[in-house]
Amino acid sequence: MAEAEEEQSPSIHIPQQWSDAANSIAYDSSTSPPPIVVVCGARNCGKTTFSRYLLNTLLHRYRKVGYLDTDVGQPEFTTPGFVSLTIVDQLTSDLTIPCLKTPDRCLFFGDVSSKRDPGTYLKCIFALCGFYWKEYRTSNNKETSAKFELPLVVNTPGWVKGVGYDTLVDMVKCISPTHVVKINVSSERKNLPEGAFWLDCDSSENEEVYLIEINSARQESFKKPALMQKDARFLRDLRLMAYFRQCIPSSLNLATIKELANALASHPPYQVPISSIKIKHLHCQVPHAEIFYSLNASIVGLAVSSEQIEDLPWCVGLGIVRGIDTLKGVIYMLTPVPPSILEKVDLLLQGSIQIPTCLLQAQGCMSPYMSANVIVTQSS
């Protein structure tokens with residue numbers, strides 16, 4: 001199994017310890033129903049790589065596997081800012097390359113870290129966890145029970161100290177995993193506490209959770225924190241550009257960021273009637289008179305208010321607000337979301353996810369996203 005994966009990803013070395021852990025989770029005969037696995041550990045310990053590898057291993061046994069991504073900063077299958085549940089039915093051929101997939105359900109948190117609002121962040125995770133248990137874990141119909149017995153891999157953020165640790169503990173308790181995989185690094189102070197850290201000292205809670213501790217496959221990084229943050233921002237920008245690249249026909253060859261920026265700037269936007277949508281700001285309050293100005297040149301979550309769980313609207317994707325014509329009563333928007341789905345959207349969620357700077361710089365001072373004339377007061 002491990003050798004097969006290494007052939008597909010020659011630049012990734014999968015330690016025997018990782019291979020043994022993944023195989024024991026996937027093929028342990030005592031695990032019934034299918035496993036629910038939480039992967040946790042400090043930043044840059046290899047959680048995402050192990051999660052991808054475990055996902056592939058599980059797909060050798062199960063036709064489909066659920067993937068609950070709780071890392072809003074570096075998500076696996078979506079753009080930054082989302083908490084999502086994706087149903088995966090194909091192997092990841094290269095463990096080094098993340099790929100975009102359409103999630104089964106997702107919620108737009110609107111930030112790249114849960115630090116700003118841990119309560120809402122946990123509420124999003126609880127909602128998705130509840131959806132998973134309802135749709136893929138329980139059934140009264142024995143004939144269709146196999147459909148609902150879906151294994152689940154949960155990738156978690158690397159914020160494991162202070163409030164981040166408390167958030168992780170609450171998350172694990174809510175998910176009720178069969179396995180917890182804890183990845184340790186050589187610096188003990190960065191690791192999670194020893195043992196079943198999510199259980200209270202006097203707790204008599206589920207003792208049947210299998211705790212698997214493995215070591216990071218990476219050598220300790222000597223990068224300065226500022227440089228690591230810069231790398232993270234760059235990766236987030238790449239993911240956003242890949243997402244909005246879907247607006248442009250695949251037949252159009254775009255070799256540079258400048259070409260992508262020009263293609264997006266010249267692409268005909270959708271016209272969304274202002275009267276048909278509501279606007280919600282997720283992490284700040286904006287005066288009513290400034291709402292449209294705040295939307296100018298912003299990325300928004302596209303949500304359907306009528307489809308909610310725990311008072312949270314399901315999100316169907318992202319859009320770039322190209323401009324707003326208050327006289328015509330329309331918002332001009334770029335999005336790869338198909339029209340058949342877009343017509344259901346009646347709520348724009350504005351968070352802290354920004355248009356990649358490189359797209360704006362490629363357009364220079366004449367960028368249509370930053371034009372002072374975007375919000376017009378008379379017919380053009």
Side-chain angles (χ1 to χ4, degrees), residues 72-82 84 97-102 106 108-113 226-272 279 281-284 292-303 315-325 330-338 342 345 348-376:
V72 292
Q74 300 291 341
E76 177 66 11
F77 297 124
T78 67
T79 55
F82 281 102
S84 64
I97 302 177
C99 58
L100 292 171
K101 293 183 183 292
T102 301
C106 65
F108 187 58
F109 178 69
D111 205 344
V112 298
S113 171
L227 183 58
M228 293 173 64
Q229 292 176 6
K230 184 177 180 181
D231 291 343
R233 287 195 297 268
F234 178 68
L235 292 174
R236 286 194 289 268
D237 284 352
L238 286 179
R239 180 57 65 92
L240 285 167
M241 287 188 286
Y243 178 80
F244 287 107
R245 170 65 176 83
Q246 298 175 110
C247 295
I248 312 301
S250 57
S251 58
L252 184 60
N253 184 28
L254 303 176
T256 65
I257 293 176
K258 183 176 181 179
E259 291 178 352
L260 174 61
N262 290 333
L264 288 173
S266 60
H267 189 69
Y270 288 104
Q271 296 186 38
V272 181
I279 300 167
H281 296 85
L282 298 178
H283 302 298
C284 66
F292 290 138
Y293 288 98
S294 72
L295 282 182
N296 183 21
S298 69
I299 289 179
V300 292
L302 309 178
C315 197
V316 299
L318 293 180
I320 293 178
V321 177
R322 277 283 307 276
I324 303 172
D325 190 325
V330 296
I331 295 175
Y332 297 99
M333 184 183 302
L334 292 175
T335 178
V337 176
L342 188 61
V345 172
L348 302 185
L349 304 174
Q350 185 176 14
S352 305
I353 308 300
Q354 300 178 345
I355 299 175
T357 306
C358 52
L359 288 182
L360 302 177
Q361 291 175 337
Q363 286 296 320
C365 295
M366 299 303 293
S367 171
Y369 307 115
M370 302 299 290
S371 172
N373 297 320
V374 167
I375 301 179
V376 299

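When reading the values below, keep in mind they use all heavy atoms of this one structure, side chains included, and skip hydrogens, waters and symmetry mates.
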For [X] and [Y], which heavy atoms make the closest approach, and how far apart are they?
X	Y	value
Leu235	Gln74	CB-OE1, 3.8 Å
Pro269	Leu334	CA-CD2, 3.9 Å
Glu259	Asn253	OE1-O, 3.9 Å
Ser352	His283	OG-CD2, 4.2 Å
Arg239	Pro75	NH1-O, 3.3 Å
Phe108	Gly351	CE2-N, 4.1 Å

How long is the straight-line distance from [atom2] of [Y] back to [atom1] of [X], given to the nearest 0.5 Å?
X	Y	atom1	atom2	answer
Gln354	Asp237	CD	CG	9.5 Å
Asn262	Leu254	CG	CG	9.5 Å
Ile324	Tyr293	CD1	OH	9.5 Å
Ile299	Ile355	CD1	CD1	5.5 Å

I want to check something: taking the side chain as every heavy atom from C-beta on, are [X] and [Y] in contact at a cut-off of under 4.5 Å?
X	Y	answer
Leu240	Pro80	yes
Phe109	Leu282	no
Leu295	Ile279	yes
Cys315	Phe82	yes
Val112	Ile353	yes

Next item on the list: Evaluate the side-chain contact (heavy atoms from CB on, under 4.5 Å) criterion for residues Ile257 and Leu359: first the C-alpha distance (whole Å), next the side-chain angles of each, then the deciding distance (0.1 Å), finally the verdict.
Entry: CA-CA 7 Å; Ile257 293 176; Leu359 288 182; 4.1 Å; yes

Check: How far apart are the C-alpha atoms of Leu302 and Leu348, what are their side-chain angles, what is the distance that settles it, and do they pass the side-chain contact (heavy atoms from CB on, under 4.5 Å) test?
Finding: CA-CA 5 Å; Leu302 309 178; Leu348 302 185; 3.6 Å; yes

Tell me whether [X] contacts the main-chain N or O of [Y] through its side chain, where contact means a donor paired with an acceptor under 3.5 Å.
X	Y	value
Arg322	Ala265	yes
Thr335	Leu318	yes
Gln350	Ser298	no
Arg245	Ile248	yes

Check: Looking at Val337, Leu264, Ile320, Leu260, which one forms a side-chain contact (heavy atoms from CB on, under 4.5 Å) with Cys247?
Finding: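 Single side-chain contact (heavy atoms from CB on, under 4.5 Å) partner of Cys247 among Val337, Leu264, Ile320, Leu260: Leu264.
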
